[in-house]
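Here the structure is laid out as structure tokens; the discussion comes afterwards.
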Amino acid sequence: MGSEVYFDNNATTRVLPEVAAAMQPYLTELYGNPSSIHRFGAQVAQKISAARAQVAALIGAADSIEIIFTSCGTEGDNAAIRGMVEARPDKRHIVTTQVEHPAVLGLCQHLEKRGYRVTWLSVNQEGMLDLEELRNALTDDTALVSVMVANNETGVIFPIDKIGEIVKARGIPFHVDAVQAAGKIPLKVKDSPVDLLTISGHKFHAPKGIGALYVRRGVAFPPFIIGGHQEKNRRAGTENVAGIVGMGEAAELAQRNLMEQSERVRGLRDQLEEELLRSCPDCRVNGGASERLPNTSNISFRYLEGESVLVLLDQFGICASTGSACTAGSSEPSHVLRAMAVAPDWLQGAVRFSLSRFNTGEEVCYVNEKVPLIVQRLQGLSALGKLAGQQRAQQEKPRAGNGIGVRG
Amino acid sequence: MVQTPVYMDNHATTPVDPRVLEVMLPYFTEKFGNAASRSHTFGWESEAAVDLAREQIARLIHASSPREIVFTSGATESDNLAIKGVAESYRDKGNHVITCVTEHKAVLDCCKSLEKRGCQVTYLPVDRDGLVSMNRLREAITDKTILISIMAANNEIGTIEPIKEIGQFAHEQGILFHTDATQAVGKIPLNVEQMGIDLLSLTAHKMYGPKGIGALYVRAAKPRVRLRPMIDGGGHERGMRSGTLNVPGIVGLGKSCEIAQKEMAAEAERLTSLRERLKKKISDQLEEVYVNGHPTKRLPGNMNMSFAYVEGESLLMALKEIAVSTGSACTSASLEPSHVLRAIGVEEELAHTSIRFGLGRFNTEEEVDYTVRRVVEEIRRLRELSPLYKARKAKRHGRQQTESKLPERVS
């Protein structure tokens with residue numbers, strides 16, 4: 001076991017050694033600009049085609065021409081949503097969910113200010129959408145529906161095919177943010193109702209600074225970043241060749257070992273959850289009853305501050321987070337957990353553990369040993385925690401009357 | 001003995017300097033944290049690396065604060081953000097933008113898209129050397145002008161524009177000034193404070209850093225530039241550009257700026273002398289060779305020449321072991337003659353015979369001499385195959401050197 005236990009893989013992942021090795025020639029001797037017609041350009045242009053096919057295979061696209069390389073997931077989401085809105089200037093309505101990643105959330109809030117009507121679909125306590133609510137939200141004015149495949153904070157997986165069927169029955173373009181899902185669960189856009197799909201390399205052991213947007217053949221897609229013929233006039237700017245090569249390699253490796261790795265990681269995650277639920281009083285898994293990504297566990301420690309838990313975890317060399325890294329630094333409670341109506345006394349104490357193929361059983365045991373100590377210490381410090389302790393003690397004796405109504 | 005292939009297309013892209021690669025590598029596999037992760041060492045380490053890079057970039061262009069550097073995926077994105085962002089944020093102030101005809105496609109296409117949205121765009125002409133005229137610029141402004149976007153140095157002919165004069169004028173007029181400095185950063189001194197630059201686009205891969213990372217300088221004071229972001233989301237980069245930061249790329253960009261700053265003066269001198277050597281040796285041996293661009297206000301590593309009677313594409317084919325280009329890599333798929341050469345008044349036919357040599361940090365004198373020898377050989381051979389050239393030669397022989405209507409010959 002290394003000196004640090006990295007359980008924050010939904011924030012970003014370590015580049016696989018094979019990926020770094022595949023990239024290295026493109027950071028050294030094969031440095032041409034793929035648009036150049038001389039040999040320096042031609043050799044890298046060929047490699048980009050190969051990487052495009054690898055990425056297409058990971059998401060089960062029919063044709064690699066449907067893959068557009070971008071600089072990150074956020075760019076992909078922006079290009080997709082803005083593109084669909086621009087392509088249908090007469091439509092002024094967007095449907096998305098309350099639990100999207102800040103990339104989609106922030107953009108849709110901006111569009112709302114610009115006069116678009118946005119329907120924010122709600123989720124239940126387990127983080128699940130209501131398909132009837134979706135069906136009722138769609139109108140003739142709807143420009144697109146954008147729904148994430150898997151939630152970055154809780155790992156909850158939405159039934160994309162069912163959602164897509166409802167959306168496509170109305171002839172509305174359907175975008176999915178698959179940034180957290182790609183490389184963790186199987187994806188197959190071919191023969192699916194998905195029109196556009198966003199992924200990002202650094203969530204599956206490719207480097208940061210590279211992403212891709214799938215655009216189904218036949219979907220009109222006005223380019224977002226303009227001023228060059230790259231990516232068949234769909235995304236201007238000199239290609240990040242090394243990043244593309246890395247993403248291709250990572251896609252292939254992820255796909256090759258997908259079932260095996262995800263089962264192994266799921267085993268580790270389940271081991272983590274079961275033990276913590278057993279050993280920590282007042283602790284629960286957010287979204288635990290829903291179908292989830294195999295690597296993600298969002299655990300609330302009642303009455304505690306997630307931030308305080310993280311500080312102590314860090315002292316033990318354990319890296320986790322309270323939620324999205326993209327909103328890290330903000331002290332607002334998670335919009336995802338609020339949408340799930342997590343009660344106030346559970347809301348602040350959420351910690352996200354997200355695993356990857358690099359994690360081991362030994363690391364899980366280490367975390368399972370340290371977390372109860374941290375929780376015990378913090379609950380000892382927390383007045384509410386002490387109250388709760390007394391309450392528990394009282395409840396153990398059969399006794400009439402209500403306990404103390406605790407509100408965090 | 002010169003090792004082939006020889007790479008002399010450093011305006012298209014440059015090799016990553018080994019010193020740059022060395023500092024980047026740990027950020028892929030060991031220090032892989034998300035710079036926005038605020039709760040553990042991996043995040044802090046990445047954030048610190050990003051902060052250092054911001055300082056290195058700010059120092060190179062003399063920005064008064066590292067906070068004025070916004071990371072992007074490259075210069076094209078920076079140009080998009082600057083131009084579309086200003087147009088959207090200053091809509092209440094006006095809707096007129098001034099640029100010039102020889103800009104990179106990234107700027108031109110953004111301006112065209114503004115026109116579709118109801119903006120007015122003035123495309124300033126340039127003179128035979130590729131320079132914009134200050135008088136024309138003064139005449140072009142209106143009370144609705146919100147932005148002037150003029151490149152620092154041209155990517156095809158290397159002409160360096162009077163950035164300081166433009167910046168000072170823009171500031172006097174209360175108009176924002178953006179410069180696409182993609183080709184200029186790290187090659188010639190730039191000082192955003194002294195030059196009155198409000199927005200400046202740059203990219204790493206033109207200055208021996210990796211592809212996929214660039215930056216936009218956005219002035220934070222006097223005036224504070226407001227910029228509606230293109231990419232919304234988590235609010236990274238002070239809200240101007242969301243998305244997880246490309247930490248290894250940023251580290252590489254920072255290092256390439258540091259190296260460029262340290263070595264700029266000596267390297268500019270070395271490249272200028274190599275360029276002049278290339279020009280002189282070719283011109284001494286071949287007739288009807290014309291230099292495109294300004295004789296002195298020119299990027300040190302740039303030489304753009306027209307070789308009458310020989311299609312640029314044919315020369316490229318013949319010079320398989322030397323990587324040069326006919327113009328911008330970003331428009332290389334097009335068969336149209338370069339818009340830059342047309343703008344400086346090069347006849348269409350001659351424009352098709354033009355070659356851009358882009359000398360860089362790793363080129364040597366031997367490579368220049370080898371290139372000269374091969375260019376001279378191939379031009380002579382190809383001209384001998386050209387009926388037009390033979391006819392012209394015969395005619396001229398008869399007329400005994402009458403004045404040519406083609407641009408002045410290089411001596």
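Note that the structure is predicted; figures quoted are calculated from it, not measured.
In terms of non-hydrogen atom pairs under 4.5 Å with chain B, the most contact-rich of A:Val311, A:Thr13, A:Val104, A:Thr70 is A:Thr13. Contact tally against chain A (heavy-atom pairs below 4.5 Å) for B:Gly249, B:Ser242, B:Gly74: the top residue is B:Ser242. Counting heavy-atom pairs closer than 4.5 Å to chain B, the top-ranked of the candidates A:Pro17, A:Gly106, A:Gly246, A:Ala103 is A:Ala103. Chosen from A:Ala20, A:Ala236, A:Pro34, the residue pairing most often with chain B at heavy-atom distances under 4.5 Å is A:Ala236. Between chain A and the residues B:Leu245, B:Val20, B:Leu319, the most heavy-atom pairs under 4.5 angstrom are made by B:Leu245. Ranked by heavy-atom pairs under 4.5 Å with chain A, the first of B:Lys211, B:Glu321, B:Lys320 is B:Lys211. Interface check for chain A: of the options B:Asn80, B:Asp109, B:Thr13, B:Thr203, the most heavy-atom pairs under 4.5 Å are formed by B:Asn80.
Taking each heavy atom of B:Pro210 and A:Leu27 in turn, the nearest pair found is CB-CD2, 4.1 Å. Between A:Asp8 and B:Ser37, the closest heavy-atom pair is OD2-OG, 3.6 Å. In plain terms, the two heavy atoms of A:Lys208 and B:Gly33 that are nearest each other are CE-O, 3.3 Å. The two atoms that bring B:Asp9 and A:Ser36 nearest to each other are OD2-OG, 3.5 Å, heavy atoms only. The minimum heavy-atom distance between A:Ile226 and B:Thr76, with the atom names listed, is O-CG2, 3.4 Å. Closest approach of B:His40 and A:Ala320 over heavy atoms only: CD2-O, 3.4 Å.
Under the 4.5 Å side-chain criterion, counting only non-hydrogen atoms from C-beta, B:Trp44 is in contact with A:Asp314. The shortest side-chain heavy-atom distance between A:His202 and B:Thr244 falls under the 4.5 Å cut-off. Annotation: side chain of B:Ile231 is in contact with side chain of A:Phe224 (closest heavy-atom distance under 4.5 Å). Side-chain contact between B:Glu77 and A:Arg235 is present, with at least one heavy-atom pair separated by less than 4.5 Å.
Donor-acceptor pairing under 3.5 Å is recorded for the side chains of B:Arg241 and A:Ser71.
In this structure, A:Arg14 CZ and B:Phe42 CZ are separated by 6.0 Å, a value rounded to the nearest 0.5 Å. A distance of 12.5 Å separates CE of B:Met317 from NE2 of A:His38, quoted to the nearest 0.5 Å. Rounded to the nearest 0.5 angstrom, B:Asn34 CG and A:Cys319 SG are separated by 12.5 Å. We find the CZ-CG distance between B:Phe28 and A:Leu16 to be 13.5 Å, quoted to the nearest 0.5 Å. The line from SG of B:Cys110 to CD1 of A:Ile225 is 9.5 Å long, rounded to the nearest 0.5 Å. The structure places CG of A:Leu105 at 11.0 Å from CG of B:Asp232, a figure rounded to the nearest 0.5 Å.
Looking at B:Pro229, the atoms closer than 4.5 Å to chain A (heavy atoms on both sides) all sit in the backbone: N, CA, C or O. If you measure heavy-atom distances from B:Leu25 to chain A, the contacts under 4.5 Å come from the side chain alone. In this structure, no portion of A:Glu29 lies under 4.5 Å from any heavy atom of chain B. Only the side chain of A:Asn78 comes within contact range of chain B, with at least one heavy atom under 4.5 Å from a heavy atom of that chain. For chain A, the nearby parts of B:Tyr7 are the backbone and the side chain; heavy atoms of each come within less than 4.5 Å. For chain A, the nearby part of B:Thr14 is the backbone; its heavy atoms alone come within less than 4.5 Å. Contact annotation for B:Val324: only backbone heavy atoms (N, CA, C, O) come within less than 4.5 Å of a heavy atom of chain A. Within the 4.5 angstrom heavy-atom criterion, no atom of A:Ser200 approaches chain B. B:Lys31 does not touch chain A: none of its heavy atoms, backbone or side chain, sits under 4.5 Å away.
Counted within 6.0 Å of CD on A:Glu112, heavy atoms from surrounding residues, nucleotides or ligands total more than 12; the atom is thus considered enclosed.
A donor-acceptor distance shorter than 3.5 angstrom exists from the side chain of A:Asn33 to the backbone of B:Ala12, with no hydrogens or angles considered. At distances below 3.5 Å, at least one donor-acceptor pair connects side-chain atoms of A:Arg82 with backbone N or O atoms of B:Met230.
The pair A:Arg114-B:Glu88 counts as a salt bridge, with a side-chain nitrogen and a carboxylate oxygen less than 4.0 angstrom apart.
Checked against a 6.0 Å centroid threshold, the rings of A:Tyr31 and B:His205 do not count as neighbours.
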**Message:** Evaluate B:Arg38 against A:Thr322 for side-chain hydrogen bond (donor to acceptor under 3.5 Å, both in side chains), listing each step before the verdict.
**Reply:** CA-CA 10 Å; B:Arg38 295 281 157 77; A:Thr322 48; over 6 Å; no
